[in-house]
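Data block below; observations after.
The structure displayed is predicted, hence computed values, not measured ones.
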Amino acid sequence: TEPLVRPLPLTFDEVFATNRVEHWSVDLSYIRRTHQLHHGGFLEWHFGVRYFEFNEMFGVEGRADEDANGAMDIAFGTILANSVWETSADNHVVGPQIGLRWVRKHERWTLSTDGRFLAGLNSQNIRQRGTLASELDPPGGVGIPNIMGPTSFNHAEFESEFSPMVEFRANIKYAIT
């Protein structure tokens, strides 16, 4: 006899996948500048707090083509046609930050380097939602499950974890005016 559960090939006539990432941060710091160094330039120490947000959204939409009558052409291999699922993760990192910056000016040129360390606590919100096989109407035909209909889901989870961050920048500027 043929097994009841077996791998099925999965194809879509059209698939649209998107991935979007957004990030921004703000910090409040006390800055202490040293006296000018022997070869010019200054050191600046920063101490403070920083908030950093990093959000990612990922979505997939799979479609089957319509036939001449406007009905979905759901055949073997496209049983999950017209499926949509989206996953998003929002990261909110906050914590104390320390940093060191070196700045040196020479005529119209300014050269600087900046290093920072954030001992952050990440409060993360994760959400996933979607619908699989929105056009599936059991009982099915050949190759289409007899007991499966459209299936929707919506899941959310919240986690908090330690997320240290290190950042390094190097800048060079030229003043025109």
Side-chain angles (χ1 to χ4, degrees), residues 9-65 78 80-134 151-177:
L10 178 60
T11 60
F12 294 106
D13 293 319
E14 295 178 319
V15 175
F16 301 94
T18 58
N19 190 44
R20 190 172 81 211
V21 176
E22 300 172 346
H23 64 88
W24 65 274
S25 70
V26 62
D27 60 69
L28 180 64
S29 296
Y30 171 77
I31 299 176
R32 176 76 179 166
R33 179 180 270 193
T34 64
H35 295 288
Q36 188 170 9
L37 301 174
H38 179 68
H39 295 289
F42 298 91
L43 285 178
E44 296 176 342
W45 292 92
H46 348 187
F47 307 96
V49 64
R50 181 175 184 181
Y51 174 78
F52 180 81
E53 192 168 308
F54 184 88
N55 303 322
E56 183 172 17
M57 287 75 57
F58 177 73
V60 176
E61 181 178 355
R63 298 183 197 157
D65 285 339
T78 60
L80 295 182
N82 289 10
S83 296
V84 176
W85 59 95
E86 298 171 344
T87 304
S88 65
D90 299 334
N91 297 278
H92 308 276
V93 183
V94 65
Q97 176 177 261
I98 61 171
L100 178 65
R101 178 184 306 143
W102 172 77
V103 180
R104 181 164 187 228
K105 291 185 178 184
H106 179 72
E107 296 177 6
R108 293 178 174 253
W109 293 94
T110 303
L111 178 64
S112 66
T113 58
D114 188 2
R116 299 172 186 220
F117 173 75
L118 169 66
L121 175 66
N122 183 4
S123 297
Q124 186 178 57
N125 300 309
I126 305 166
R127 289 179 303 282
Q128 187 174 50
R129 64 180 174 264
T131 300
L132 301 178
S134 67
T151 303
S152 293
F153 55 92
N154 190 1
H155 302 287
E157 190 166 325
F158 176 79
E159 294 183 18
S160 292
E161 61 187 10
F162 177 64
S163 296
M165 292 180 11
V166 175
E167 182 178 338
F168 180 78
R169 298 181 198 177
N171 298 313
I172 188 166
K173 296 183 216 173
Y174 181 78
I176 295 173
T177 60

Expected list for residues 116-126: side-chain donor-acceptor pairs under 3.5 angstrom, two or more places apart:
unit_1	atom_1	unit_2	atom_2	d
Arg116	NE	Asp114	OD2	3.3
Arg116	NH1	Asp27	OD2	2.9
Arg116	NH2	Asp114	OD2	3.2
Asn122	OD1	His92	N	3.3
Asn122	ND2	Asn91	OD1	3.0
Gln124	NE2	Asn91	OD1	2.7

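- When side chains are defined from C-beta on, Asn19 counts as touching Glu56, because their heavy atoms get closer than 4.5 Å.
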Evaluation steps, side-chain contact (heavy atoms from CB on, under 4.5 Å), between Gln128 and Glu157:
CA-CA 9 Å; Gln128 187 174 50; Glu157 190 166 325; over 6 Å; no

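- Using a 4.5 Å heavy-atom threshold, the side chains of Trp24 and Val26 count as touching.
- Inter-residue side-chain proximity for His23 and Ser25 is flagged as unmet; no heavy-atom pair is nearer than 4.5 Å.
- The side-chain contact (heavy atoms from CB on, under 4.5 Å) check on Asn154 picks up Arg129, with sequence neighbours excluded.
- In terms of the side-chain contact (heavy atoms from CB on, under 4.5 Å) criterion, residue partners of Val84 (sequence neighbours excluded) are, by chain and number, Glu61.
- Residues Ile98 and Trp45 fail the side-chain proximity criterion, which asks for heavy atoms closer than 4.5 Å.
- Taking the side chain as every heavy atom from C-beta outward, Arg101 and Val103 approach each other to under 4.5 Å.
- Note: Arg20 CZ to Phe58 CZ = 13.5 Å, rounded to the nearest 0.5 Å.
- In this structure, Ser152 and Thr131 approach most closely via the heavy-atom pair OG-OG1, 3.0 Å.
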Table please: side-chain donor-acceptor pairs of residues 169-176 below 3.5 Å, with sequence neighbours left out.
unit_1	atom_1	unit_2	atom_2	d
Arg169	NE	Glu167	OE2	2.7
Arg169	NH2	Glu167	OE2	2.6

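- Nearest heavy atom pair, residue Ser163 against residue Val93, reads O-CG1, 4.2 Å.
- Within the structure, the side chain to side chain donor-acceptor pair (under 3.5 Å) test picks out no pair touching residues 104-113 (sequence neighbours left out).
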Criterion side-chain contact (heavy atoms from CB on, under 4.5 Å) on Asp90 and Arg127, from CA distance to verdict:
CA-CA 9 Å; Asp90 299 334; Arg127 289 179 303 282; 3.1 Å; yes

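- Contacts classified as side chain to side chain donor-acceptor pair (under 3.5 Å) and involving residues 30-39 (residues at least two apart or in different chains) are given here: Arg33-Glu44.
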